[in-house]
Amino acid sequence: MFPASFEYVRAHTTDEAFAALQQHGFDGRVLAGGQSLIPAMRYRLARPAVLVDINPIKDLEFLKEENGFLRIGATTRDAALEFAPWILQRYSLITAVSKVVADPIVRHMGTVVGSVCHNDPAGDWTATSLASRAVMVVRGKNGLREVPIDEFLVDSYTTAVEEGEMALELKIPIPDAHTQGSYQKIERKVGDYATCAAAVQISLNADGTIRQAGIAITAAGPIAMRVAAAEAMLVGQKPSLELIKAAAAEAPKIASPNADQRGSSEYKKDMTRVLVGRGITEALQRLGVNA
Amino acid sequence: MNEIPVSIKINGKQVTASVESRTLLVHFIREQAELTGTHVGCDSSSCGVCTVLLDGDKPVKSCTMFAVMAHGHEITTVESLAPGGVLHPLQQAFWDQHGLQCGYCTPGMLMTSVALLKHNPNPTEHEIREGLSGNLCRCTGYNNIVKSIQQAAGVMSQAIPAAADD
Ligand SMILES: Cc1cc2nc3c(=O)[nH]c(=O)nc-3n(C[C@H](O)[C@H](O)[C@H](O)COP(=O)(O)OP(=O)(O)OC[C@H]3O[C@@H](n4cnc5c(N)ncnc54)[C@H](O)[C@@H]3O)c2cc1C
Ligand code: FES
Ligand code: FES
């Protein structure tokens with residue numbers, strides 16, 4: 001179907017985009033890769049009055065490491081991460097995710113920042129951002145602010161980006177040599193959203209105990225969720241099979257998945273346990289630990 | 001109505017027209033540029049038959065992009081593959097290996113494959129299947145499509161063609 005009519009604003013700079021968003025307020029909406037927004041408009045689930053196209057803003061297309069963070073600009077495509085050799089070498093969680101988001105064609109347009117801003121209940125980048133403790137840089141009336149991911153993700157399709165504002169970049173702390181991740185996703189077929197998925201990132205201390213754990217599940221409730229109880233259980237401990245099992249068992253306690261054609265609620269709940277367990281196991285294996 | 005001038009270089013030729021902002025790129029290609037090789041197969045951005053190349057090497061779903069977003073860019077469609085009627089090695093391979101039955105998915109398959117081989121001239125079977133996973137085919141069962149791409153990869157990198165069984 002054709003989307004409803006809208007007014008199109010082509011922005012070449014962040015200033016232009018921000019001015020247009022401020023001017024149009026509630027009616028204005030950022031158009032990034034369009035891979036969520038355009039399908040929603042074609043189904044007439046979304047009918048924004050004004051679209052502010054940020055794709056021509058070259059200053060927002062970057063992928064670089066700076067001051068301890070991996071910085072991903074708002075027009076940087078998923079494919080940029082998938083094909084960067086240095087990401088492949090040092091970012092195991094991001095590498096795993098970037099191969100399973102949507103399909104290879106969609107990944108040439110879809111952006112990481114757009115995906116997190118979309119905050120789909122089954123989003124892969126939202127769960128990844130939680131596990132890696134990312135921060136979103138948002139431009140508002142009072143300038144730039146850095147919003148930790150836990151505060152950024154408010155509810156299904158709702159984030160800390162307020163009317164007239166825009167997100168500029170996602171910052172992910174650079175993993176050190178003792179940090180590894182894993183992404184576990186069950187999908188019916190390539191290009192489908194997750195039936196259920198888990199993002200895991202583990203950091204070890206020199207003595208082999210767990211220094212930090214990031215664990216999140218997606219497609220298991222209204223938004224991607226941090227399994228804080230599992231993280232707390234792991235930190236300070238030496239990895240063992242019992243510990244992994246106990247931590248994984250925390251995931252279904254917070255999951256509230258809807259039954260749909262992908263599976264029953266009970267099935268999906270149990271899959272959060274299975275996938276968190278597999279994710280911790282794989283991240284530890286990448287750290288050379290076989291629990 | 002909300003008409004805006006859009007100018008896109010399609011297969012090397014500048015195409016300029018005023019269209020509504022909501023015009024999808026695929027409709028601009030089919031109706032304004034009158035190139036009907038690019039198909040539409042779904043309403044949900046999931047089949048890939050509308051795949052074209054953006055700025056030379058990026059496969060994109062032209063049904064999931066507004067024509068205004070391609071303004072000032074270059075688009076390559078399936079019509080560009082056989083200048084003067086000489087088939088591209090991928091087209092020849094689809095012919096030789098029976099990589100199509102009804103042919104509806106073929107333009108998208110070809111354009112995705114062109115991008116895949118540009119990026120990775122010698123893909124493994126697994127990489128081909130991964131690379132094509134955004135393109136659906138209802139007829140072939142994919143095996144002959146994979147064989148076609150293997151043959152073309154061989155021809156294009158001047159190695160021995162993979163078509164050992166014909
Ligand atoms: C066939 C198909 C399969 C898919 N499968 C998956 C999947 O398995 N997993 C998954 O996670 N996603 C999936 N997606 C979604 C895809 O990854 C989208 O690209 C992504 O979710 C949105 O990114 P975008 O850049 O295209 O954003 P857009 O569609 O342009 O925007 C999405 C929303 O975010 C807002 N927005 C975007 N950028 C900003 C910004 N800088 N500041 C403020 N607001 C902003 C927009 O206004 C809009 O509301 C799929 C999409 C398709 C078409
Ligand atoms: S027509 Fe199906 S993905 Fe474009
Ligand atoms: S040949 Fe018929 S859909 Fe692929």
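Here is the naming used below: chain letters follow the sequence lines, and residue numbers restart at 1 for every chain. None of the values given here were measured: they were computed from a predicted structure.
Side-chain contact between A:Met41 and B:Phe66 is present, with at least one heavy-atom pair separated by less than 4.5 Å. Looking at A:Asn55 and B:Met65, their side chains never come closer than 4.5 Å, going by heavy atoms from C-beta outward. Looking only at side-chain heavy atoms (C-beta outward), B:Thr112 and A:Ile105 come within less than 4.5 Å of each other. The side-chain heavy atoms of A:Phe2 and B:His27, taken from C-beta on, include a pair separated by under 4.5 Å. Side-chain atoms of B:Leu24 and A:Ile38, non-hydrogen and from C-beta on, do get closer than 4.5 Å to each other.
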Run the side-chain contact (heavy atoms from CB on, under 4.5 Å) test on A:Glu7 and B:Ile4 for me, step by step, so that the C-alpha distance in whole Å, both residues' side-chain angles and the decisive distance to 0.1 Å come before the verdict.
CA-CA 10 Å; A:Glu7 186 188 327; B:Ile4 356 185; over 6 Å; no
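For A:Leu37, no part lies under 4.5 angstrom from a heavy atom of chain B. With a 4.5 Å cut-off on non-hydrogen atoms, B:Leu116 does not touch chain A at all. With a 4.5 angstrom heavy-atom cutoff, B:Ser133 touches chain A via backbone and side-chain atoms both. For a residue to count as touching a neighbouring chain, one of its non-hydrogen atoms must lie under 4.5 Å from one of that chain's; by this rule A:Arg10 touches chain B with the side chain only. Heavy-atom distances place the backbone of B:Cys42, and not its side chain, under 4.5 Å from chain A.
Listed for the A:Arg42 side chain is a donor-acceptor partner under 3.5 Å among the backbone atoms of B:Cys63. In this structure a side-chain-to-backbone donor-acceptor pair under 3.5 Å is missing from B:Arg22 to A:Ala4. A:Gln35 contributes a side-chain N or O that, together with a main-chain N or O of B:Thr64, makes up a donor-acceptor pair within less than 3.5 Å.
For the set B:Ser21, B:Gly134, B:Ser44, the count of heavy-atom pairs under 4.5 angstrom toward chain A peaks at B:Ser21. Per-residue counts of heavy-atom pairs under 4.5 Å with chain A were compared for B:Glu130, B:Lys58, B:His73, B:Met69; the largest is that of B:Met69.
Atom NE2 of B:His98 has 12 or fewer heavy atoms from other residues, nucleotides or ligands within 6.0 Å. For A:Lys99, the NZ atom is densely surrounded, since the number of other residues' heavy atoms within 6.0 Å is greater than 12. Atom CG of B:Asp55 has more than 12 neighbouring heavy atoms from other residues, nucleotides or ligands inside a 6.0 Å radius. The environment of A:Lys189 atom NZ is dense: over 12 non-hydrogen atoms of other residues, nucleotides or ligands sit within 6.0 angstrom. Around atom CZ of A:Arg188, more than 12 heavy atoms belonging to other residues, nucleotides or ligands sit under 6.0 Å away.
The structure places OG1 of B:Thr23 at 12.0 Å from OH of A:Tyr8, a figure rounded to the nearest 0.5 Å. Separation of atoms CD (B:Glu20) and CZ (A:Phe6) is listed at 9.0 Å; rounding is to 0.5 Å.
Minimum interatomic distance between A:Pro104 and B:Gly131 (heavy atoms only, all atoms of both residues): CG-O, 3.8 Å.
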